[in-house]
*Asks:* 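Got a structure for you, written out below as structure tokens; questions coming shortly.
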Amino acid sequence: MVTHTNSNKNKQKQSIITKISDLISANQVSISVITVLYLLPLLTNSELSPLRGFINLLSGFMIAGIFALSFDLQLGRTGLLNFGQAAFFGIGAYVTVWCLDPILPSPLGDILNLIPFPLTLVAAIFAGMVVGIVMGATTNRMKGTAFAFIALAIAMLVLEFMELKENLAISGGESGLSVTRPFLLTNWIVYMLMVLFVIFILSLFVILVVKDTRERFAFLFLNFRPRRSAFSYSEKERISSTRVTTSWIIGVAVFILLLILVVPNILDMYLFATDIWFKIPILYWLILTSVLAVYIFVKRLTISPFGRVLSAIAQNEDRVKALGYNTFYYKILSVTISGGIGALAGSLYTVNNINVSTPETFGIGQAINAMLYTILGGLGTLLGPFVGAVLIEFSEWRMVRFLWTFSIDGQWWLVFLGIIYIFIILFFPYGIVGSLQLRSRSLKTRIREGWFNIRETDYWWLTLISLVLILALMLDLENIMKRIVEIFEQIFSLFP
Amino acid sequence: MISLIRSINSNEDYKKRLILFLKIFIALISGIITILWIILDKAELPNQIFKMIVGVWIMGLALLSIPTPRKEKLPQIFSLVEIIVISCLWLFVEVESKGVEIFMQNGSLTLVNGLAFSMLLFLMTSGFFLIFGLADIINFAHGAFFMLGGFMGYEVYLLSESFLITIPFLGNDPVLLSFICFIFGLIGATIILGLIGIGIEVTTIRRLFRKPISQILLTVGFLYIILQLTEIIWGPAIFTYNYVSGSQTGIFWLPRSAILDLGGGMRFEIYRIFLILFGLVIAIGMFLVLSRTRIGLIITAGIEDPEMVNALGIDTKRVFTLVFATGAAMAGLAGAVAVPQVNASLDVAGNYLIYAFIIVVIGGAHFGRFAGTFWASIIVGLSHTFCQFFYPGLESIILFLILLAILTFKPGGLTGEPM
Amino acid sequence: MNLLEVNDIHVYIQSFYILHGISFFVPEGKTTVLLGRNGSGKTTAMRAILGLNPPRKGEIIYKGVNIAHLPTHKIVQRGVGYVPDTRRIIKSLTVEQNLEIALRKGSKTYDERLSEIFELFPDFERFLGQKAGSLSGGQQQMLAVSRALINDNDLLLIDEPTEGLSPLLAKNVLKTLHAIKEKRKTVLLVEQNFAAAKSVGDYYYIFDDGKIAHNGKMETLVDDHELISRYLGVNV
């Protein structure tokens, strides 16, 4: 008990360095994942490469993931089946259009054009929240299917309104509108600032490597000391343990290696790239940062008291009412927050795609897509919507082309996808991530004891390696598939 | 100012009164602006203001639809008076500007077209309503069933035509031939869709009995699959099919050019009159089945209290299979009957699904009656057609205005209970 | 002989553990009363027998067959009549249609059964064509009871028949219960009103927090004032 209170006191006095090192050791896996994702654009230079296209593709996946997350926030957390989600997406997309383009007429006149680019995202979020408040205020007395009814009706109302002949000037109708790309997205200064930010994240990663090597291979280095236990850290020991040792040398070596990998590309970009070349990396970083922000926000939200009340409402609304909570207020807030996130997805979609049309953004197809992603990935899991989005979008992109090579109509794959979706609803109601999480404990023990003898601290580099492998596989799937097919053909040719 | 806010916070009664005042204010302002709009519409008001008016009107109705205690009906009465005054003004302006005679001609034509459209909507929505009432499932695949019915009707029509044209007796009489083929098309679409409905229900939906949200997600999956399959088989959304284009005789029993002339400028398409009669016959038949036969009574009772019906010794699962299959079959029938008017195309699925939604909510979704669906489809069909004729471009908005207005005065729709 | 035997059933509603291993017997031709406070699990036990909340563990033996995992309609078709606690008549149908739905194929014709019902409730004939929703509370209760009586049910499950009725109407219902008893029907009754339970019941089971706290013959309970005030909150 005594040591416990001591450590609490020490925590208050911690310096920034120790705080960062604590943060790093608490989030090893996420830091390694973030590093890899942020590093990707630096691996391209001012030449066309498959990686460049792939990065562009990943941006699209992440936008779909954000949108699916906003859907999941309602169905998975609050138990509200919102088919009107497309209204948020569309509003976000169109507010961005109106903000970005000074020529196009907009409902609020020239005011919207005064908003500079990064703030348009905020404006879109606000617009989505306003729609969310209206939707929440009109539907807050309903639950389950009735809610789905009215929410969809509201979304359809907005769609019909945008498609009115009188409104074609501001909405573009089915052919859509094109926007000029914001100046900041094609600017090498922004690129350089982002590079600095990526280098900061890289240094975090290097600290992680340093810490890990020191703990793992302590016996190799001269400053051998027993593994620290949770209750025995004092200020003195911390300071002494941050001395420069061999582990730091390894860390700096890793850092320099990464820089050697990256710096020629940066120089190349600076010297040879025209403005438009900066678009894909900057946009990718912008979207990735938004994904992280949204993810952390939603994660915080779900473990906060507010989030607990929301999941309680999903289970039994009457009981929550009986406990003295105003559930209507909570439901409205839930719809509003989810509306803001959905609008952010729509706004990023506009910036990414440039051309925006009403059926694409407001149509029921968007809501259906969000639902497919969420159900496939796992309801109520934060990661699930992203996993589902990446899986489906990627398979749509790759498998359709893959099937074409066999002269099968690629759309059969989409039919197959629908069948998979139905199977998942029937037999795996928790989706991919959900089912894995349910079994994760037994899986973890199996991995740890039975199969590979892996420790908790090993997770980060395993994740790192598997993430890099997955990305490589996604990047080059077609060739790999072709090779597999060739091998099969060779095998078959052996048996005439 | 601060003291005012404090007093609002401290005094519940004051707060209530303030909200009431706000509601009345919003209702009044939105009403006045709408009246002004209708009067000034002839002067071609700029685009911007039109949008704002509709926006304010919707906002007012949306705010009003927040349930209030029974005593505070005042704002709702205000908006009722508004709606009546606005409708009268509209009639007045319309008659004044165009003259009585032309107004009558247009009116009767739109009435017939509207009724035909209503019957079409009713045929499609009845199954949707029964499925929703009995099991709380929003059947998203219903629009797809409707669309598929259209394609099936089209294919069966062409198939039977290619067989029957060889018979000399029929081959010489293209009108009779196409009529028989049309009937074959209807029957074929109904049967095929009924079988598809049974297949879907028995293999998947039944497994998630009494989990409405999962069942809804399932139906969305089927919507997706059916749309994709249709696109593979019949081509992307830009293609439309109708009986005449692929037909060998090049004629349809009820050609859209066949006109019934009653004199006095009143000329109606025979196809539409046929639609009205056909819809009425089916509607009366369904009413009789639901109110006279045992299975109909069970369905009616099941909409009200499915668990109790189960506890009376009735296999509700099997009843639901029947209802789902019937619903799909009715959607197929409606789709096939609609092909000469709306053609078979992919767009139909989404559009008609939305109509079904609106009709069921207006008619009374929760514990609603079958009659509610009938009247709601008449309201929706008529107002849609009238708006299309007199205020083109506004026809989809008007449906949602009606929806909001009805939910304001009767939160449960025409026959249902508040959700 | 026991018509119904409930052996150690464990019932959950969603994730809430309601009945913790309940066992009781319903002898043929007798009236068994389940007593207990609100929320002690009496209604849940009844719903478990009917298969509306099927037990996760344990068996329910009716006429020698385990019916614990049969679907509701199959259980009812074996001759179980159910009178739910909030009546739950179908309000949008007429009285006659309500009875029609409940009717199953059996030995007697519809008219014969209807005349039996009229013997019990003489003024029923007037209401036959009326919408069930327009009936008064007492009449609705009579309809709910006659819906169970119209078939040749061997076992009647009656849930709080006097709930929400005025004393005079409650007396009427009690009279009906006595009439049913005279016909040698087997009844499982849930009743909060101890006076009513006392006069009809042969055996009793007292529920407390999902368990059976006490059971025995009704006559012994009537004298045990301490038990009554402890579990039922009634001062005799």
Side-chain angles (χ1 to χ4, degrees), chain B residues 129-130 133-135 202 206-214 287-323 363-374 412-417, chain C residues 14 43 46-54 67 70-106 110 129 131-133 140 143-144 146-153 155-159:
Chain B
F129 165 74
L130 288 179
L134 207 60
V202 171
R206 175 177 280 210
R207 287 167 184 272
L208 298 173
F209 194 58
R210 292 215 180 122
K211 287 182 195 156
I213 293 218
S214 307
F287 271 117
L288 286 179
V289 167
L290 279 180
S291 60
R292 294 292 153 82
T293 60
R294 183 175 152 80
I295 185 75
L297 291 180
I298 288 172
I299 291 169
T300 317
I303 289 170
E304 205 177 306
D305 194 341
E307 196 185 72
M308 191 60 220
V309 172
N310 196 5
L312 286 174
I314 291 154
D315 189 352
T316 35
K317 276 190 185 180
R318 199 182 292 171
V319 173
F320 181 68
T321 309
L322 178 78
V323 165
H366 271 228
F367 312 116
R369 310 253 176 79
F370 195 62
T373 309
F374 182 76
L414 291 177
T415 58
E417 284 171 19
Chain C
Q14 285 159 13
T43 302
M46 203 163 255
R47 289 171 61 89
I49 295 168
L50 269 171
L52 294 173
N53 291 121
I67 57 166
L70 287 181
T72 304
H73 61 98
K74 293 231 167 106
I75 295 172
V76 173
Q77 281 164 8
R78 283 164 185 267
V80 180
Y82 177 46
V83 183
D85 53 346
T86 45
R87 283 147 219 157
R88 293 174 75 172
I89 52 166
I90 310 298
K91 288 175 184 160
S92 57
L93 299 183
T94 63
V95 173
E96 195 174 3
Q97 287 170 338
N98 261 289
L99 294 176
E100 243 178 83
I101 287 181
L103 194 69
R104 296 196 302 273
K105 277 173 192 160
Y110 176 60
K131 280 262 150 71
Q140 287 189 5
L143 177 58
S146 50
R147 202 167 52 175
L149 285 175
I150 196 153
N151 293 309
D152 293 322
N153 289 324
L155 175 67
L156 291 180
L157 307 176
I158 304 178
D159 198 349

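We name chains A, B, ... by the order of the sequence lines, and we start the count at 1 in each one.
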*Asks:* If you take all heavy atoms of A301(B) and L93(C), which pair is closest and at what distance?
*Replies:*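 It is CB-CD1, 4.1 Å.
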*Asks:* If you draw a 6.0 Å radius around CZ in R207(B), do more than 12 non-hydrogen atoms from other residues or ligands fall strictly inside?
*Replies:*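 Not buried by this count: 12 neighbours or fewer within 6.0 Å.
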*Asks:* Give a yes or no on whether R369(B) atom CZ has more than 12 heavy-atom contacts from other residues, nucleotides or ligands under 6.0 Å away.
*Replies:* no
*Asks:* For K91(C), is it the side chain, the backbone, both or neither that has a heavy atom under 4.5 Å from a heavy atom of chain B?
*Replies:*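 Its backbone and side chain both get close to chain B.
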*Asks:* Which heavy atom in R294(B) sits nearest to a heavy atom in I101(C), and how many Å separate them?
*Replies:* NH1-O, 3.3 Å
*Asks:* Quick check on R47(C) against chain B: is it the side chain, the backbone, both or neither that has a heavy atom closer than 4.5 Å?
*Replies:* side chain
*Asks:* Determine, stepwise, if the pair I90(C) / D305(B) fulfils side-chain contact (heavy atoms from CB on, under 4.5 Å).
*Replies:* CA-CA 7 Å; I90(C) 310 298; D305(B) 194 341; 4.2 Å; yes
*Asks:* Say you draw a straight line from CG of L99(C) to CG of L312(B); how long is it, rounded to the nearest 0.5 Å?
*Replies:*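 With rounding to 0.5 Å, CG (L99(C)) is 10.0 Å from CG (L312(B)).
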*Asks:* Counting only heavy atoms closer than 4.5 Å, note whether E307(B) contacts chain C via side chain, backbone, both or neither.
*Replies:* both
*Asks:* Taking all heavy atoms of Q97(C) and all of S291(B), pick out the closest pair and write down the distance.
*Replies:*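 In terms of heavy atoms, the two residues are closest at NE2-O, 3.4 Å.
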*Asks:* Using non-hydrogen atoms and a 4.5 Å limit, figure out which bit of I75(C) sits close to chain B: side chain, backbone, both or neither.
*Replies:*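 Nothing of I75(C), per the 4.5 Å heavy-atom cut-off to chain B.
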*Asks:* Okay, side chain of E304(B), backbone of S92(C): is any donor-acceptor separation there less than 3.5 Å?
*Replies:*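 Yes, because the side chain of E304(B) sits within donor-acceptor range (under 3.5 Å) of the backbone of S92(C).
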*Asks:* Counting only heavy atoms not in R104(C), do more than 12 fall under 6.0 Å of its CZ?
*Replies:* yes
*Asks:* Working note: I314(B) + H73(C), criterion side-chain contact (heavy atoms from CB on, under 4.5 Å); need CA distance, chi angles, decisive distance, verdict.
*Replies:* CA-CA 5 Å; I314(B) 291 154; H73(C) 61 98; 5.6 Å; no
*Asks:* Report which part of L52(C) has an atom under 4.5 Å of a heavy atom belonging to chain B: side chain, backbone, both, or neither.
*Replies:*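 Looking at L52(C), just its side chain touches chain B.
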